[in-house]
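Have a look at the structure below, then the notes.
Just follow the structure's listing: the first ligand is 1, and inside any ligand the first atom is 1. For the single chain, residues carry numbers from 1 onward in sequence order.
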Amino acid sequence: MANKIVARKEKRLIELAEWNVLKQMQQLINKKGINIADLYKIEPQRMQAMTHELENMYADFSKNSVTLEIMEALNNLARAAEVEKWRDLMYSGAKINFTENRAVLHVALRNVDYINNKFVPKSSILVDGKNVMPEVAAVLNHMAEFTDRVRSGQWLGATGKPIKAIVNIGIGGSDLGPRMITKTLKAYGKDGLAMHFVSNIDGTDITEVLKQVDPETTLFIIESKTFTTEETMTNAKTAKDWFLKRFNQEDIARHFVAASTAKELVEKFGIDPQNMFPFWDWVGGRYSAPSAIGLPVMLSIGKDNYADFLKGYNVMDEHFKTAPIEKNIPMQMALIGLWYNNFMGFQSYAVLPYDQYSELFPSYLQQLDMESNGKYVNRFGEAVNYATGPVLWGAAGTNGQHSFYQLLHQSADKIIPADFIGYLRSLNPVGDHHVKLMANFLAQPEALMNGLSSEELVKSGCPANLVPHRTFKGNRPSNTIVFDKLTPKTLGMQIALYEHKVFTQGIIWQINSLDQYGVELGKKLAGKIRDQIKAGQAGEHDPSTTALMNRLLGVNK
Ligand code: F6P
């Protein structure tokens, strides 16, 4: 459905003069090559131009295969692609999710102050002429009141006992965000309140969690924007059946709550509407962590920490909204990524947090980036003929160093830009662990960039036959992002940084980063196959699927 926003005459991305300037630069570089380490000498202002600070965050983008001239051309491309206009449209509540005709307002969820223990709107944001901020603040205050009751032990289960375990049931955006954030902020979590997350339709997931909890002291949160997602509804039903083996229907209200946009379906499930925490269609699933979907996070870290978490998001939102392109950290990150993706042909990038709490951050970002930008149709309804969303992967450092870093350093053909994320101060200062962790955090990007030449190896006495094996070509790019300490606030900043980066790239690629039609075909086919398996019929499929169906039907007989 095309709306007014895309009906204007606009140039296609590759028709922009700025795109073609970059193409020429790429051709030149293909001939001449570019050595990152040399750029510091050639460009005395490089450190100043390519490092950025925001509160206690320091982002060093200097170790990248981009000259300052290329950076300038990329900034010009962002201007020509009207990134600022689209950003402003997003903040204004315009319906920039044009295929679903929806506003895109995850920024409204954190447009709040926290004054005297209450969430209050910072400013108005209108959707269809209605200010959405009073409702945003009201839901946050409802969550806070509920959180206080559960954490203080005032909220009692059906037998009068306080809650000791939370089981969050959701998937995708209704799981990855709350799961990752709760885990990353574990140091701020409440002792005696166990946090569990169930997402997979594989019965193993819920079975293993239910083994660990007691129905008398467990609170289930059913999280689903649509309240129709098969995995979530199947797990929710299994949880309810398990609960009803010990308790009655009227006890459900004390043990089941929901975060959703679908009030009627929540009520139909048996959840008291008083215990439903709503959000709105202008919050995309993968952007929903700071909405009511954040309820498990608030239960774990408490409302004050949660307010700090939202503050962190808001700091980055304000920066993204106001900083000029050249100084705009998410935009600069997006442009460097775009240079690699579209001009250098680097198809994937790694996110490497040097922090054990953050080990789920890469998998959280996979949905954010790949569900947003893994698309081939532009806003004019045409297939594009350039690369769009990259493959994102990663793991916590230093663990990854002992598995896939070999390829990062010495692959014959693959260059994988990496984001290194670290914290100056440790939340668990044990002996010299943190010094060693941070030594690795600094050493890896340095090694990736500088490599090790055969001359140096020979000089150091390396046996001649091993010299080629031990040589590192270097010249592998990376970003380094450092915060003072991992806190709810810095995590909020960190997530918003990537949200806005992904948004910027989607705008330049002229795709809709806000829908996800690509997940639907598989879901639809699974529904058909499920019914066929239940009916004991193989149905009509290709030969490969038919053979597999027959094996499955044999087992299910
Ligand atoms: O399958 C993709 C998806 O629609 C995601 O975009 C979403 O986050 C997830 O499923 C869960 O959806 P819901 O919150 O409606 O259960």
### Query
If you take all heavy atoms of Ile421 and Phe361, which pair is closest and at what distance?
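Closest heavy-atom pair between Ile421 and Phe361: CD1-CE2, 3.7 Å.
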Within 45 degrees of the ring normal and closer than 6.0 Å to the centroid, is that where the cationic atom of [X] sits relative to [Y]?
| X | Y | result |
| --- | --- | --- |
| Lys240 | Phe269 | yes |
| Lys501 | Tyr349 | yes |
| Arg12 | Phe380 | yes |

### Message
Distance check, rounded to the nearest 0.5 Å: Ile293 atom CD1 versus Asp175 atom CG?
### Response
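Reported to 0.5 Å precision, the distance equals 10.0 Å.
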### Query
What about Tyr423 and Tyr354, are their ring centers closer than 6.0 Å?
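So the answer is no for these two rings.
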### Query
Looking at Phe146 versus Phe277, is the centre-to-centre ring distance below 6.0 Å?
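Aromatic pair counts; centres sit under 6.0 Å.
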Show the atoms of ligand 1 that are less than 4.0 angstrom away from any heavy atom in [X].
| X | answer |
| --- | --- |
| Ile171 | 9 (C), 11 (C) |
| Thr229 | 12 (O), 13 (P), 15 (O), 16 (O) |
| Val519 | 1 (O), 2 (C) |
| Lys523 | 1 (O), 4 (O) |

### Query
So, does Gln367 sit close enough to ligand 1 that a heavy atom of it is under 4.0 Å from the ligand?
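The answer is yes, since Gln367 has a heavy atom less than 4.0 Å from ligand 1.
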### Query
Contact between Glu520 and ligand 1, counting heavy atoms under 4.0 Å?
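Contact check Glu520 vs ligand 1: negative.
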### Query
Thr232 to ligand 1: N or O pair under 3.5 Å?
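N/O-N/O distance below 3.5 Å does not exist for this pair.
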### Query
Do any nitrogen or oxygen atoms of Gly173 lie less than 3.5 angstrom from nitrogen or oxygen atoms of ligand 1?
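For ligand 1, there is an N or O atom that lies under 3.5 Å from one belonging to Gly173.
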### Query
atom 15 (O) of ligand 1: which protein heavy atom is closest, and how many Å away?
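Going by distance alone, atom 15 (O) of ligand 1 is nearest to Thr226 OG1, 2.6 Å.
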### Query
What protein heavy atom is closest to atom 6 (O) of ligand 1, reported as residue, atom name and distance in Å?
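I find the closest protein heavy atom is Glu371 OE1, 2.7 Å.
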### Task
Please work out whether any backbone atom (N, CA, C, O) or any side-chain heavy atom from C-beta onward of Gln516 is under 4.0 Å from ligand 1, and answer side chain, backbone, both or neither.
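The side chain, only.
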### Task
Mark yes or no for whether Thr182, through its side chain, and Arg179, through its backbone, hold a donor-acceptor pair below 3.5 Å.
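It does not hold such a pair.
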